[in-house]
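Below you'll find the structure, written out as structure tokens, and then a few comments.
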Protein chains: 2
Amino acid sequence: MVVDIKIRKKSDDLFHALADSTRRSIIRHTFEREHSVSDLARFYPMSFAAVQKHVAILERAELVTKRRSGREQLVRGNVLAVREALELLEQMEEVWRSRIDRMDQILAEDPKEGVMK
Amino acid sequence: MVVDIKIRKKSDDLFHALADSTRRSIIRHTFEREHSVSDLARFYPMSFAAVQKHVAILERAELVTKRRSGREQLVRGNVLAVREALELLEQMEEVWRSRIDRMDQILAEDPKEGVMK
DNA sequence: GATATCTACAACCATATGGTTGTAGATTAG
DNA sequence: CTAATCTACAACCATATGGTTGTAGATATC
């Protein structure tokens with residue numbers, strides 16, 4: 001299905017965006033309050049352009065949004081994308097949990113079955 | 001601190017490992033039950049060596065463990081790493097939540113203060 | 001109007017990533 | 001013993017990634 005490809009791509013973007021400590025730091029900062037891009041750039045040991053690229057990756061993953069204010073571009077964290085990532089991980093955990101449930105079920109079955117074999 | 005670097009690297013590895021749909025699929029499969037590497041390789045449209053590399057990346061992120069059984073290498077998902085990723089995301093969410101709390105606090109203050117200004 | 005600031009974006013570079021094929025060592029099956 | 005299977009790992013390749021510098025357009029400040 002085409003929709004599946006979209007979900008896959010979105011998850012790829014989401015986790016990829018999270019797989020960098022600078023970007024995780026930007027998320028935290030922009031969760032606290034809005035920051036302009038150059039505001040953020042002053043904070044990290046890299047060029048303005050590099051930070052700009054990190055913000056673009058976060059934006060594509062919808063982890064942050066940008067809003068223009070005069071000549072500044074204000075970046076704000078979007079908690080919904082983090083929730084999305086949490087849900088994806090919880091779905092994985094669910095597969096694991098259901099396996100444990102099945103094992104419990106097998107162990108709870110009448111032991112005679114096993115002994116008689 | 002040196003410990004921080006370790007945590008950073010670990011988080012990088014963890015989210016990077018999750019940022020690929022083949023690897024997320026392997027996690028799900030090995031959460032259900034153990035699979036040998038060639039078992040997994042038969043399932044995906046790529047070479048054995050490619051799957052082997054994906055498993056290595058998952059192993060480095062501690063998302064799976066391997067156990068030898070004769071000539072086979074059995075791969076099993078490790079739910080603890082998923083929990084770790086969940087915790088990291090929840091910590092981010094916490095920053096956001098505390099900001100909301102602060103805003104609520106400001107809005108709950110005696111309105112006279114604002115009016116009198 | 002002139003100058004400084006903030007942003008966008010292109011071009012470039014070194015390294016990482018995700019794939020391939022090929023070779024060789026262990027282990028099992030016939 | 002021989003053949004088949006499973007794994008490890010090296011070498012290679014195209015593209016992606018994360019950084020750089022430089023240029024140019026908007027906006028604000030003096």
Subject >> Neighbours of DNA chain C within residues 11-29 of chain B, by heavy-atom distance under 4.0 Å >> reply: B:His16, B:Arg23
Original post:
Where along residues 39-66 of chain B does a heavy atom come under 4.0 Å from DNA chain C, residue by residue in number order?
Top reply: B:Met46, B:Ser47, B:Ala49, B:Ala50, B:Lys53, B:His54, B:Ile57
Grouping I, L, V, M, F, W and Y whenever their side-chain heavy atoms are under 4.5 Å apart, do [X] and [Y] come out in a common cluster?
X        : Y       : answer
A:Leu74  : A:Val51 : no
B:Val37  : B:Ile57 : no
B:Ile100 : A:Val75 : yes
B:Ile27  : A:Trp96 : yes
B:Val95  : A:Leu58 : yes

Short N/O separations, protein against nucleotides 23-30 of chain D, under 3.5 angstrom:
residue, atom, partner, partner atom, Å
D:dA28, O4', A:Arg71, NH1, 3.4

Subject >> Distance (rounded to the nearest 0.5 Å) between B:Arg71 CZ and B:Ser36 OG >> reply: 10.0 Å
Name the atoms and distances for all side-chain donor-acceptor pairs under 3.5 Å in residues 13-24 of chain A, with sequence neighbours left out.
residue, atom, partner, partner atom, Å
A:Asp20, OD1, A:Thr22, N, 2.9
A:Asp20, OD1, A:Arg23, N, 3.2
A:Arg23, NE, A:Ala17, O, 2.9
A:Arg23, NH1, A:His54, ND1, 3.1
A:Arg23, NH2, A:His16, O, 3.0
A:Arg24, NH1, A:Leu18, O, 2.8
A:Arg24, NH1, B:Asp12, OD1, 3.1
A:Arg24, NH2, B:Arg8, O, 3.4
A:Arg24, NH2, B:Asp12, OD1, 2.9

Original post:
When you check the phosphate oxygens OP1 and OP2 of D:dT5, does a side-chain N or O of B:Ser38 lie under 4.0 Å from one of them?
Top reply: no
Original post:
Below 4.0 angstrom from OP1 or OP2 of D:dC6, is there any side-chain N or O of B:Gln73?
Top reply: no
**OP:** Would you mind listing every salt bridge (charged side-chain N to carboxylate O under 4.0 Å, His left out) that reaches into residues 40-55 of chain A, with sequence neighbours excluded?
**Re:** A:Asp39-A:Arg42
Subject >> Euclidean distance, atom CD of residue A:Glu72 to atom P of C:dT7 [Å, nearest integer] >> reply: 6 Å
Original post:
Under the side-chain contact (heavy atoms from CB on, under 4.5 Å) test, which residues partner A:Glu94, sequence neighbours left out?
Top reply: A:Arg97
Subject >> Verdict with reasoning, A:Arg76 to A:Glu34, per salt bridge (charged side-chain N to carboxylate O under 4.0 Å, His left out) >> reply: CA-CA 5 Å; A:Arg76 179 200 298 263; A:Glu34 280 185 329; 3.1 Å; yes
